[in-house]
2 protein chains.
Amino acid sequence: MTQRKGPTGEPGAGSTGEAQTPPRPPRARRPTIGDVAALAQVSKATVSFVVNDRPGVSPQARRRVRAAMDDLGWQPNAGARALSTRRWQTLGLVIRRPPELLSTDPFFPQFVAGIETGLAPLGYALVLQVVPDAESERRAYERLAGDGRVDGVFLTDLRVDDPRPTLVTELDIPALIVGPPQEGSGVPSIGVDDGSGIRQAVRHLRSLGHRRIGHVCGAEGYVHTESRRIAWSEALAEAGLPDLPPAKADFTGASGAQATHRLLDRDDPPTAIVYANDLMAIAGITAATSRGLRVPEDLSVVGFDDIPLADCISPPLTTARQDVPAWGHAAARTLVALTEGKDFQPVELPPVQFIVRASTAPPPA
Amino acid sequence: MTQRKGPTGEPGAGSTGEAQTPPRPPRARRPTIGDVAALAQVSKATVSFVVNDRPGVSPQARRRVRAAMDDLGWQPNAGARALSTRRWQTLGLVIRRPPELLSTDPFFPQFVAGIETGLAPLGYALVLQVVPDAESERRAYERLAGDGRVDGVFLTDLRVDDPRPTLVTELDIPALIVGPPQEGSGVPSIGVDDGSGIRQAVRHLRSLGHRRIGHVCGAEGYVHTESRRIAWSEALAEAGLPDLPPAKADFTGASGAQATHRLLDRDDPPTAIVYANDLMAIAGITAATSRGLRVPEDLSVVGFDDIPLADCISPPLTTARQDVPAWGHAAARTLVALTEGKDFQPVELPPVQFIVRASTAPPPA
DNA sequence: TTGTAAGCGTTATCAA
DNA sequence: TTGATAACGCTTACAA
């Protein structure tokens, strides 16, 4: 008593006349394009033409098909469609981040939200993977590409000498680097110049009269850590200010506090510190305060990111903000275009915005 | 000159001998199970048996197949497999959150990371959708279910009278509520009792000698907002303390600061405030400080979440922490089990942990 | 304008 | 233990 193929089934989620099976009713069979075609008295091809908004269908047929679709509550099965078209309408995002940093970073959720605003109108979906280390990261990309689950992938948080540009080239899958371009990698990129926020910070502090401006770095090995450190260093030189050794840290509050103490322990402590992110800056304020320094009277502090807390603390934090959702939006549109075989078009993104609040002031006399 | 089907193609990503086409080499054809079968001189069925670790294949054949797989770098196409098995090995997570709250909330990234640790070993993927409002939320679920793109969905951030339990039942898709159970919805749930953290907070403050303990609520309409408010109210009653009207807020720093001022403006201001999250608590500390109050000497403050910043500020925040990654992990395993037709097994989660830091102290004399 | 039929790359069935 | 062959649900030539 095998069920015959075709529109003879009883589609829809209506209750069947069978005796009640209390434990777990089997999931109802979903209607197929065949059911719709039969109900609308047209061929499957016609239904396909209608759902895909292609011309060459009479208005009457089109109307009947639409009615049948609504009746049955049918929508095309993504997998079957993908199998035919070889297009998944799905993009992949792999995030490698130590768990303790994940909930810290304002970038990730905002970026994902931005991606969605770009993807949703196009009917694309996002598959997300969070991995702990380099090895699982590589496997994640291999799998996403290999089983054809996604049409393209984002590359975020690039590290110095990151193997992923090479990897995606080998895997032959469209990819987009989110962040500063990697010259020579052959992988297109989208991003704004991190350094600009730092340079604005240094200029701001210089104009307040600061001459010894320190920097607390982010986690080693990341491209954006380096670009922020280099921007700071170059901005100092440009402003004719003395070089200071950067204080290494890793984006966590604890590391930021330690780095702050190291800087303040110097014989010639800085009168202002530019941090690679807000979390470390806030921890730095606490560290400085605990030494009896007042912020901003004795020490000026600048963060990076403009997290929601930045203006809830005392003093409100001077910081640099990127329009990360806009970034995600643009990245999504760009990668979709790439997967559709279009040529890469660099996108203009809103520049970093420097926000002056109360954590910066002229240096002590 | 149409390309014939079969193993005659030239699979793999090796360079072809063709003349270089500078602009954009077409993506190489991926090898299929047929190619592997041909190379290993077995049938497709045998290859399928091997990749799926099913018995009934001779060791020799198995070996030849594995070799061929490695040679060709083949892995089964997810869509074709899904079409056959009707199982996507994919779960869906829809997050409705106003963008400004997204980067604030420590729950989301931690939960996603936890889900991944549960999903990765099972070979499952997660498709994520971030939506701005109820309408797009409904559409997102309808599409994920109707598409057949996912095998099951998570329901997070439940609201009072949330339509989603009904929706997923209608859509006939396995679902799991993440949070307190919704009685009568018929949808299984996983979560811990939020209220426990709040009750511990009240008891802690009571034991310090506080008698007027206020509460700043989260955004209205959320189940977890209500459960925290109710826990506070009940804990007061239980401790024999006077009732105070809860101060409404919405989880943002600004709302937390305002609510704090409203409480402190009272004729009988509280000597301690329990906030529905850390962000509001930190903003509350700033607000209180700006009025000349000292924390904790004049006002004790308790948060909720234990965000990374909680112990970087001054004073370090007394707060309640949930093991959100563990939660995500368990949720993932549970939902996978549900999609595989297994019966729902409630899971024991680590309890809320109450963390005493320096933002609480005995009330002023 | 419409219908027929051949893929797409798997897994499942069943006979050998 | 194996191999044909038929689904799975859709798109797309091509024919009518």
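Chain A is the first sequence line, chain B the second, and so forth, proteins listed ahead of strands; every chain is numbered from 1.
- Rounded to whole Å, atom P of dG9(C) lies 9 Å from atom CG of D35(B).
- When rounded to the nearest whole Å, the span between CD of Q89(A) and C1' of dC10(D) equals 13 Å.
- Of the candidate nucleotides dT2(D), dT11(D), dT2(C), dT2(D) has the atom nearest to the side chain of V57(B).
- Rounded to an integer number of Å, the gap from R81(B) CZ to dG9(D) C1' is 18 Å.
- Phosphate contact (OP1/OP2 of dC8(C), side-chain N/O of W88(A), threshold under 4.0 Å): absent.
- Atom CG of residue L93(B) and atom CD1 of residue I95(B) lie 4.5 Å apart, to the nearest 0.5 angstrom.
- Put simply, NZ on K44(A) is 9 Å from C1' on dA5(C), counting in whole angstrom units.
- In this structure, of dT12(D), dC8(C), dC10(D), it is dT12(D) that holds the atom nearest to the side chain of S48(A).
- Within residues 144-151 of chain A, no residue has any heavy atom closer than 4.0 Å to DNA chain C.
- Among the protein residues, T85(A) comes within range of the sugar-phosphate backbone only, with heavy atoms under 4.0 Å from sugar or phosphate atoms but none that close to a base.
- With rounding to whole Å, N52(A) atom CG is found 5 Å from dT11(D) atom P.
- With 3.5 Å as the limit, one finds no donor-acceptor pair spanning the side chains of R333(B) and Y124(B).
- Residue R96(A) holds its CZ atom at 10.0 Å from OH of Y141(A), rounded to the nearest 0.5 Å.
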Salt bridge (Lys or Arg N to Asp or Glu O under 4.0 Å) between R97(B) and E137(B), intermediate numbers included: CA-CA 10 Å; R97(B) 210 62 80 85; E137(B) 180 182 59; over 6 Å; no

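- Looking at S84(B), its side chain comes within 3.5 Å of the base of dT10(C) through a donor and an acceptor atom.
- Set against dT11(C), dG3(D), dT11(D), the side chain of A45(B) has dG3(D) as its closest nucleotide.
- Ring orientation note: the planes of F154(A) and F111(A) are nearly perpendicular, at an angle over 60° on the 30°/60° scale.
- The CZ-C1' distance, from R29(B) to dG7(C), rounds to 13 Å in whole Å.
- Heavy atoms of A78(B) sit nowhere under 4.0 angstrom from any nucleic acid atom.
- The only member of L176(A), L119(A), D151(A) that meets side-chain contact (heavy atoms from CB on, under 4.5 Å) when paired with V336(A) is L119(A).
- Taking only side-chain atoms of S58(B), from C-beta outward, the nucleotide of dG9(C), dG3(D), dT1(D) with the closest atom is dT1(D).
- Between the CE atom of M69(A) and the P atom of dC10(D) there is a distance of 11 Å, given to the nearest Å.
- Looking at heavy-atom distances under 4.0 Å, R62(A) makes no contact with the nucleic acid at all.
- Proximity of R54(A) to the phosphate of dT11(D): no side-chain N or O atom is located under 4.0 Å from OP1 or OP2.
- Closest to the side chain of T32(A), out of dA6(D), dG3(C), dG9(D), is dG9(D).
- Taking the side chain as every heavy atom from C-beta outward, T166(A) and T169(A) never approach each other to under 4.5 Å.
- Within the 4.0 angstrom heavy-atom criterion, base atoms lie near F49(A).
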Pair Q89(A)-R149(B), side chain to side chain contact (heavy atoms under 4.5 Å, CB included): steps then yes or no: CA-CA 11 Å; Q89(A) 312 238 93; R149(B) 203 188 276 267; 4.3 Å; yes

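- Checking the phosphate oxygens (OP1, OP2) of dC8(C), no side-chain nitrogen or oxygen of N77(B) falls inside 4.0 Å.
- A61(B) comes within contact range of the sugar-phosphate backbone alone, with a heavy-atom separation under 4.0 Å but no base atom that close.
- R87(A) comes within 4.0 angstrom of no nucleic acid atom, judged by non-hydrogen atoms across all strands.
- Distance from the side chain of S43(B) is smallest for dG3(D) among the nucleotides dT12(D), dT10(C), dG3(D).
- Checking dC8(D), dT11(D), dT11(C) against the side-chain heavy atoms of R86(B) singles out dC8(D) as nearest.
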Derivation and outcome, salt bridge (Lys or Arg N to Asp or Glu O under 4.0 Å), residues E142(A) and R139(A): CA-CA 5 Å; E142(A) 282 175 354; R139(A) 277 205 308 271; over 6 Å; no

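- Summarising the geometry, the separation between CD on Q75(B) and C1' on dT10(C) is reported as 14 Å, rounded to the nearest angstrom.
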